[in-house]
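A quick write-up on the structure given underneath.
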Amino acid sequence: MVLNIAIISRNMLYNILTLGVSLFIAWHLLLAGDFFYGFWHDHIGIAENISQYGPENIYRSGFAGTTRAQRIDLFSQICYSISHQGAGLADIRYSIPDKGINSPLLHRAEIIHLQDVANLISVLQEGEPLLYFLWAGLLASFMAKSWRFPSWRQLLLVNFFWIVAVAVLIMAVGWVSTFYKLHTLIFPDEHQWFFYYHESLMSTMMQAPDLFLYIGLSLTGVTALLFCCLHGLNRVLQRYWP
């Protein structure tokens with residue numbers, strides 16, 4: 001009985017840590033590619049969203065005249081800033097030379113919100129090395145003590161249940177409601193995080209919250225792929241471990 005509990009516990013820990021490692025690696029990979037913003041810009045209606053709501057913005061003008069390349073670069077700058085403690089957020093600018101426009105992209109409330117996002121990411125990144133250390137230590141124990149890694153079937157069953165549970169919860173509550181609820185739980189009450197399109201180029205160019213659904217799905221898919229690769233590699237390495 002005690003032995004079974006120990007095996008289940010270490011297998012569960014292995015599953016959680018491997019998922020965590022996979023998630024961080026997926027995050028870095030997608031971040032390096034700006035989360036496929038150029039693709040989403042062209043295929044989920046972001047370009048049309050900018051054309052419609054850009055001219056209605058009450059703080060900035062001319063944004064609808066920016067090019068696709070400019071928008072991708074602006075999004076890339078935002079990604080860089082939020083992953084580097086918010087550095088440079090106030091310096092992000094867009095320009096329309098033939099109209100004499102050279103304007104900051106973000107107003108004060110947007111900068112404060114993105115700084116909150118950057119602070120959250122910084123906290124998570126501070127714990128990343130510890131996650132890798134724990135994962136490596138657990139793998140070393142599996143190898144040194146010849147513990148059998150969980151089978152594909154065991155991992156599939158465990159992860160299937162929690163993935164289905166989360167998916168059902170999100171569908172029951174609604175994606176948008178879930179997105180907004182997470183914001184109210186995570187970010188300070190006194191900081192604005194909801195922006196109508198006519199008051200935020202940030203929200204307009206991201207077609208919030210739609211873009212984040214696709215980013216979340218991409219992150220989930222890449223994480224699952226990496227998880228399978230890491231688990232498969234661990235099983236192969238153990239097979240040839242001395």
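Just so we're clear, the structure is a prediction, and the values are computed from it rather than from any experiment.
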_Let me confirm one number: the CZ-CG distance from R108 to L106, rounded to the nearest 0.5 Å._
13.5 Å
*Least distance between heavy atoms, F161 atom then L157 atom*: CD1-O, 2.9 Å
*Do F187 and Y180 share a hydrophobic cluster, counting only Ile, Leu, Val, Met, Phe, Trp and Tyr and linking them when any side-chain heavy atoms are less than 4.5 Å apart?*
yes
*Check whether any side-chain heavy atom of Y214 lies under 4.5 Å from a side-chain heavy atom of F39, and answer yes or no.*
no
*Given F35 and W27, is the side chain to side chain contact (heavy atoms under 4.5 Å, CB included) satisfied, shown in steps?*
CA-CA 9 Å; F35 300 98; W27 161 265; 3.5 Å; yes
_Pairs flagged by side chain to side chain donor-acceptor pair (under 3.5 Å) wherever residues 82-101 is involved - sequence neighbours left out_ = R93-N102
*Can you name the nearest heavy-atom pair linking N57 to L201, along with the distance?*
ND2-N, 3.5 Å
*Y59 and M202: same hydrophobic cluster, using ILVMFWY side-chain contacts below 4.5 Å?*
no
*List the atom of T184, the atom of K181, and the distance in Å for their closest heavy-atom pair.*
OG1-O, 2.6 Å
*Taking C-beta and beyond as the side chain, do L17 and L139 meet within less than 4.5 Å on heavy atoms?*
no
*Take atom CZ of F36 as the centre, draw a 6.0 Å sphere, and report whether it contains more than 12 heavy atoms from other residues, nucleotides or ligands.*
no
*Separation of R239 CZ from L237 CG (nearest 0.5 Å)*: 10.0 Å
*Side chains of F63 and L74: does their closest heavy-atom pair fall under 4.5 Å?*
yes
*Listed partners of P188 passing side chain to side chain contact (heavy atoms under 4.5 Å, CB included), at least two apart*: D116, E190, H191
*From F24 CZ over to L29 CG, what is the distance, rounded to the nearest 0.5 angstrom?*
13.5 Å
*For residues 193-210, which residue pairs qualify under side chain to side chain donor-acceptor pair (under 3.5 Å), counting only residues two or more places apart or in two chains?*
E110-S200, Q192-E199, S200-S203, Q207-D210
*Got H41 and L211 here, is their nearest side-chain heavy-atom distance under 4.5 Å?*
no
*For residues W147 and S141, is any side-chain donor paired with an opposing acceptor at under 3.5 Å?*
no
*Any chance you could lay out the side chain to side chain contact (heavy atoms under 4.5 Å, CB included) test for Y37 and I215, step after step, and finish with the verdict?*
CA-CA 9 Å; Y37 178 78; I215 288 177; over 6 Å; no
*Under 4.5 Å between any side-chain heavy atoms of F212 and M206, yes or no?*
yes
*asked:* Are I92 and P104 packed together at the side-chain level, in the sense that at least one heavy-atom pair is separated by less than 4.5 angstrom?
replied: no
*Transitively linked via ILVMFWY side-chain contacts under 4.5 Å: Y80 with W40?*
no
*asked:* Looking at N119 and Q115, would you say the former's side chain and the latter's main chain have a donor-acceptor pair under 3.5 Å?
replied: yes
*Apply the test ring-ring contact (aromatic ring centres under 6.0 Å, His included) to residues H113 and H183: give CA-CA distance (whole Å), side-chain angles for both, the deciding distance (0.1 Å), then the verdict.*
CA-CA 10 Å; H113 173 59; H183 275 66; 5.8 Å; yes
*A87 to S81 - nearest heavy-atom pair and separation*: O-OG, 2.7 Å
*asked:* Side-chain heavy atoms nearer than 4.5 Å, only ILVMFWY residues, links allowed to pass through others: does that put I186 and I112 together?
replied: no
*Between atom CZ of F160 and atom CG of L155, what is the distance when rounded to the nearest 0.5 Å?*
14.5 Å
*asked:* Could you check whether any side-chain N or O of Q154 sits under 3.5 Å from a backbone N or O of S151, counting only pairs where one atom can act as donor and the other as acceptor?
replied: yes
_Applying side chain to side chain donor-acceptor pair (under 3.5 Å) as the test, list every pair that has at least one member in residues 221-237; sequence neighbours left out._
Y14-H231, Y14-N234
*Taking every non-hydrogen atom, the tightest pair across S22 and L230*: OG-CD1, 3.5 Å
*Cluster link L217 to F179, ILVMFWY, side chain under 4.5 Å*: yes
*Which salt bridge (charged side-chain N to carboxylate O under 4.0 Å, His left out) pairs, counting each pair once, include a residue from residues 39-53, with sequence neighbours left out?*
D42-R68
*asked:* If I compare all heavy atoms of C79 with all of D34, which pair ends up nearest, and what's the gap?
replied: CB-OD1, 4.1 Å
*Find the distance between CG (L169) and OG1 (T178) and round it off to the nearest 0.5 Å.*
6.0 Å
_Tell me whether D73 contacts the main-chain N or O of A69 through its side chain, where contact means a donor paired with an acceptor under 3.5 Å._
no
*Sub-4.5 Å side-chain heavy-atom contact between V158 and M12*: yes
*asked:* Taking side chain to side chain donor-acceptor pair (under 3.5 Å) as the definition, give me every residue that meets it alongside H28, ordered by chain and number, with sequence neighbours left out.
replied: E128
*Which distance, rounded to the nearest 0.5 Å, do you find between the CG of L120 and the CD1 of I82?*
9.5 Å
*Decide side chain to side chain contact (heavy atoms under 4.5 Å, CB included) for I46 and R71; before the verdict, give the C-alpha distance in whole Å, the side-chain angles of both, and the deciding distance to 0.1 Å.*
CA-CA 10 Å; I46 291 179; R71 297 163 188 175; over 6 Å; no
*Kindly indicate, with the supporting measurements, whether the criterion side chain to side chain contact (heavy atoms under 4.5 Å, CB included) is fulfilled by L131 and V21.*
CA-CA 7 Å; L131 174 65; V21 168; 4.0 Å; yes
*L23 side chain near L226 side chain, heavy-atom distance below 4.5 Å*: no
